[in-house]
2 protein chains.
Amino acid sequence: MSPRFKNIAIVGVGLIGGCVARDVRERDLAGKITGYGRNAKRLAGAAEQGIIDSWHDVYNDSLAEADLVIVGTPVRAIAPIVCDIVPHLSSGAIVTDVGSVKKSIVDAVESRVPAGVAFIGGHPIAGTEDSGYESSFAGLFENRVCVLTPGQCSCSRDVDSLESFWRALGAEVVRMAPEEHDRIFAAISHLPHMVAFSLVNAIVNMQGFDSSILRYSAGGFRDFTRIAASDPVMWRDIAMMNRDNVLDTIKHVEDTLSELARAIEAGDENEIERLFQKSRDTRRSI
Amino acid sequence: MSPRFKNIAIVGVGLIGGCVARDVRERDLAGKITGYGRNAKRLAGAAEQGIIDSWHDVYNDSLAEADLVIVGTPVRAIAPIVCDIVPHLSSGAIVTDVGSVKKSIVDAVESRVPAGVAFIGGHPIAGTEDSGYESSFAGLFENRVCVLTPGQCSCSRDVDSLESFWRALGAEVVRMAPEEHDRIFAAISHLPHMVAFSLVNAIVNMQGFDSSILRYSAGGFRDFTRIAASDPVMWRDIAMMNRDNVLDTIKHVEDTLSELARAIEAGDENEIERLFQKSRDTRRSI
């Protein structure tokens, strides 16, 4: 059973923050939800819609009331914001985030969190193509995975507490080290984005490219490249914040692409078929 | 208005051939539908289901009755089959196919088609993940594009006739040269498959890969790699039959991937964002 929090602070009341707030309200997981952010007008809007109870556009001592702080801002802003927030928090408060990269955030905040306050990295694998609290809805995290990356010094009571919270939102919680998180998500999330962006750019770069040819593209290509329409700034930040892993995974794709190109060039049909079969077997195992 | 054919021969009564046959029946586009193939038992099954009226498991003089022949076999078999069929056809017959590659087929059959018989390459951009006539249904081609690749010597009456046929099935018909078809489809169809296969294999090749990590993969990755479960033999044949274009497009992706890797390695945020923005703009233009 999830502990009921007194006051959940949501920093960055966007799509994810808004969805969390709606679930907290609907499932009665907190006495109060306070929104924080830079844009007073948008925070006031979220309060008018009843997504949050009150709000502040500065990090001030109102944060001392919060027993759970969820930072839902763009990934690059998370670590600086956590550093700004923690001095205002009371002992016993838990701070978490929803960023797609974990190690660089954990590293940046670790030494800045005062004794008595816990920072536990989080990453719910959920989202939509929309952004902003206006697009938020209840139930986004139902049956989704939420990764938590407790540090070596995280108190297990705090981690259990945060895990119960995400479970109460319907998520399956998986714990792993920040490094492991970043290595795994480089492969299954960051790399596919890098490849989709590069694939679309490759097609544009071809001689005589005419965008009208894209209308011949059927389901496969459309599904495949949908993620190439993702937010460039967000993905720039993810690429930068998980740089070593992303570069390593790109290297692996370069290797498998040239392996395939060599087989096609050599007309080695058995090898081509073997490579495709291996891929199909893996894909089918999902 | 589509001409009504006397006898449409469908060679290879699989998913596509079955869908064509069902549409022909439903829209009354032929007096008779005759199925041809190697497997008597399966042809008899298709006839029992009323998909075809009669069938032959050999190419014989019954083909003289056909005024339209549609070859719907796997792509590599198309050219040899067309060469086997044409000696049996009557003057005035039109032969077409539904293969995903055009130039090598057109080149292989061109000199083998007798005077009076027309071969016009075709490629309806439609399909499902299933195969076999059991999965066929009426209406597959509705609002889909069908490419026709008439040769320099194709008689325009024949091309018009075939175009009307596909239009009667609900397709939008686009005419282009076989070379142009293969260049375009290398980019928007063959390349995405090569990349999807290579991406999945790259992930499998990573050190410490454990297939359980794939369960963390969310929508993007799943959509993205769905086509990596496509038929290895079919895609091997496409890669071989459109080899030069496929190799050229792979080279372009290798270039855009290393361009991106260089920008990430250099920490050149403006450049990373520019590359992602370019891709997003293109993708959104579809």
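Labels below follow one simple rule: chain letters A, B, ... track the order of the sequence lines, proteins then strands, and each chain is numbered from 1.
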- prompt: What part of M194(B) is in contact with chain A, defined as an atom under 4.5 angstrom from a non-hydrogen atom: side chain, backbone, both or neither?
  reply: both
- line: Whatever's closer than 4.5 Å to a heavy atom in chain A on L260(B) counts as side chain
- request: Using non-hydrogen atoms and a 4.5 Å limit, figure out which bit of L199(B) sits close to chain A: side chain, backbone, both or neither.
  value: both
task: Drop me the distance from R280(B)'s CZ to I227(A)'s CD1, to the nearest 0.5 angstrom.
output: 13.0 Å
- prompt: When only pairs under 4.5 Å are counted, which of A228(B), A202(B), P232(B) shares the most heavy-atom pairs with chain A?
  reply: P232(B)
message: Please report the interatomic distance CZ(F197(B)) to CG(L257(A)), rounded to the nearest 0.5 Å.
response: 12.5 Å
- prompt: Which region of S285(B), side chain (C-beta onward) or backbone (N, CA, C, O), has a non-hydrogen atom less than 4.5 Å from a non-hydrogen atom of chain A, or is it both or neither?
  reply: side chain
message: Go through it in stages, so that I can follow the logic: the residues are R236(A) and E271(B), the test is salt bridge (Lys or Arg N to Asp or Glu O under 4.0 Å), and I'd like the CA-CA distance, side-chain angles, deciding distance and then a yes or no.
response: CA-CA 9 Å; R236(A) 177 201 68 190; E271(B) 175 66 359; over 6 Å; no
- line: Under 4.5 Å to a heavy atom of chain A? For S230(B) that would be backbone
- prompt: For V145(B), is it the side chain, the backbone, both, or neither that has a heavy atom closer than 4.5 Å to a heavy atom of chain A?
  reply: side chain
query: Quick one: does R283(A)'s side chain have a donor or acceptor within less than 3.5 Å of a partner on V200(B)'s backbone?
result: no
message: If I measure from the heavy atoms of chain B, does D231(A) come under 4.5 Å with its side chain, its backbone, both, or neither?
response: both
field: Choice from V174(B), T249(B), V246(B), V233(B) maximising heavy atom contacts with chain A below 4.5 Å
entry: V174(B)
field: pair I203(B)-L191(A): side-chain heavy atoms closer than 4.5 Å
entry: yes
message: Taking side chain as everything from C-beta outward and backbone as N, CA, C, O, which of these in I250(B) sits under 4.5 Å from a heavy atom of chain A? Side chain, backbone, both or neither.
response: side chain
- prompt: Any sub-3.5 Å donor-acceptor pair from R243(A)'s side-chain atoms to E265(B)'s backbone N or O?
  reply: yes
query: Hey, does the side chain of N201(B) reach the backbone of T256(A) with a donor-acceptor pair shorter than 3.5 angstrom?
result: no
- request: Could you look at M234(B) and say if it's the side chain, the backbone, both or neither that has a heavy atom under 4.5 Å from chain A?
  value: neither
- prompt: What part of V147(B) lies closer than 4.5 angstrom to a heavy atom of chain A: side chain, backbone, both or neither?
  reply: neither
message: Just verifying a value: how many Å separate F276(B) CZ and S198(A) OG, rounded to the nearest 0.5 Å?
response: 7.0 Å
Heavy-atom proximity to chain B below 4.5 Å, by part of V253(A): both
field: Portion of D281(B) that has a non-hydrogen atom of chain A nearer than 4.5 angstrom
entry: neither
query: Can you tell me how far the OG atom of S279(A) sits from the NE2 atom of H193(B), to the nearest 0.5 Å?
result: 10.0 Å
query: When heavy-atom pairs shorter than 4.5 Å are enumerated against chain B, which of R284(A), Q277(A), E269(A) gives the highest number?
result: E269(A)
query: R183(B) versus chain A, heavy atoms under 4.5 Å apart: side chain, backbone, both or neither?
result: side chain
query: CE/M240(A) to CD1/I272(B) distance, rounded to the nearest 0.5 angstrom?
result: 5.5 Å
statement: Interatomic distance, CG@D255(B) vs CD@E254(A), rounded to 0.5 Å, equals 10.0 Å
- prompt: Where is the tightest heavy-atom contact between A261(A) and L247(B), given as atom of each residue plus distance?
  reply: O-CD2, 3.4 Å
query: Quick one: of S189(B), G267(B), A263(B), who has the most non-hydrogen atom pairs under 4.5 Å with chain A?
result: G267(B)
task: Please name the residue in the list E259(B), H252(B), K278(B) that meets the side-chain hydrogen bond (donor to acceptor under 3.5 Å, both in side chains) test with N205(A).
output: K278(B)
